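Note that the coordinates shown come from a computational prediction; the quantities given were computed from them, not determined experimentally.
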Amino acid sequence: MMAGSSDKGSATDPSSPLDDGSAPFFTIGQVAQILGLQPAALRRLDEQDIVSPSRSDGGQRRYSRDEVERLREVVELTESGITLPGVREVLALRQRVSDLEDELDELRGRGHDVED
DNA sequence: TTTCTCACA
DNA sequence: TGTGAGCA
């Protein structure tokens, strides 16, 4: 049998920061390439508070995997004809729905009667 | 070289 | 929204 303790160094750790979607960072140029946008477009999104990437050495933007996924939703909405302020409203509404759903689930779990 | 901010069209 | 100038 194979001694299962030879390989598996540290490439598939389910609890590694490399798996935390929020650990890996991309430069604005990489994100622009992935989303097919111009670096200036990513800056507009940051200026309009649609996405808030972290900053690293020198104050350069650092986009995490989660930020890139959010950017992808934003570009889809903008390409649908929605303006940036409109996208911001959609994102806010989506978050509001998730928050209310969580609250609703909590009320149900406590045995409370949820009236519509 | 890349990214930054600021400004203009 | 895209591009340019000047800087770190």
Check: protein-nucleotides 7-9 of chain B nitrogen or oxygen pairs below 3.5 Å:
none

Please tabulate the protein-to-nucleotide N/O contacts below 3.5 Å involving nucleotides 1-3 of chain B, giving atom names and distances.
from: B:dT3; atom 1: OP1; to: A:Thr27; atom 2: OG1; distance (Å): 3.3
from: B:dT3; atom 1: OP1; to: A:Gly29; atom 2: N; distance (Å): 3.0

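Looking at A:Glu69 and A:Arg72, their side chains never come closer than 4.5 Å, going by heavy atoms from C-beta outward. Counting only heavy atoms from C-beta outward, the side chains of A:Pro39 and A:Arg43 approach each other to under 4.5 Å.
The environment of A:Gln48 atom CD is dense: over 12 non-hydrogen atoms of other residues, nucleotides or ligands sit within 6.0 angstrom. Applying the 6.0 Å contact sphere to CD of A:Glu47 captures more than 12 heavy atoms from other residues, nucleotides or ligands.
Alongside A:Leu84, the hydrophobic cluster contains A:Phe26, A:Ile28, A:Val31, A:Ile34, A:Leu35, A:Leu37, A:Leu42, A:Leu45, A:Ile50, A:Val51, A:Tyr63, A:Val68, A:Leu71, A:Val74, A:Val75, A:Leu77, A:Ile82, A:Val87, A:Val90, A:Leu91 (criterion: ILVMFWY side chains under 4.5 Å). Through ILVMFWY side-chain contacts below 4.5 Å, A:Val97 is grouped with nothing and stands alone.
With values rounded to the nearest 0.5 angstrom, A:Arg88 atom CZ is found 13.0 Å from A:Leu93 atom CG. Distance CG/A:Asp105 to CD/A:Glu101: 9.0 Å, rounded to 0.5 Å.
Within the structure, salt bridge (charged side-chain N to carboxylate O under 4.0 Å, His left out) pairs that include any residue of residues 49-60 of chain A comprise A:Asp46-A:Arg55 (at least two apart or interchain).
In the region residues 81-91 of chain A, proximity to DNA chain B at under 4.0 angstrom, judged on heavy atoms, holds for none of the residues.
For the pair A:Gln38 and A:Ala32, the tightest heavy-atom approach, listed with the atom from each and the gap, is C-CB, 4.1 Å.
Once you apply a 4.0 Å limit to the heavy atoms of chain A, the touched nucleotides of DNA chain C run 5' to 3' over C:dT1 to C:dT3.
With sequence neighbours excluded, no residue forms a side chain to side chain donor-acceptor pair (under 3.5 Å) with A:Arg62. For the side chain to side chain donor-acceptor pair (under 3.5 Å) test, residues two or more places apart in sequence or in another chain that qualify with A:Glu73 are A:Arg94.
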A correct dot-bracket answer for DNA chain C, with pairs being Watson-Crick or G-U at under 3.5 Å, [ ] for crossing pairs and | for inter-strand pairs, is ||||||.|
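Counting any heavy atom pair closer than 4.0 Å across all strands shown, A:Arg55 reaches sugar-phosphate atoms only and no base atom.
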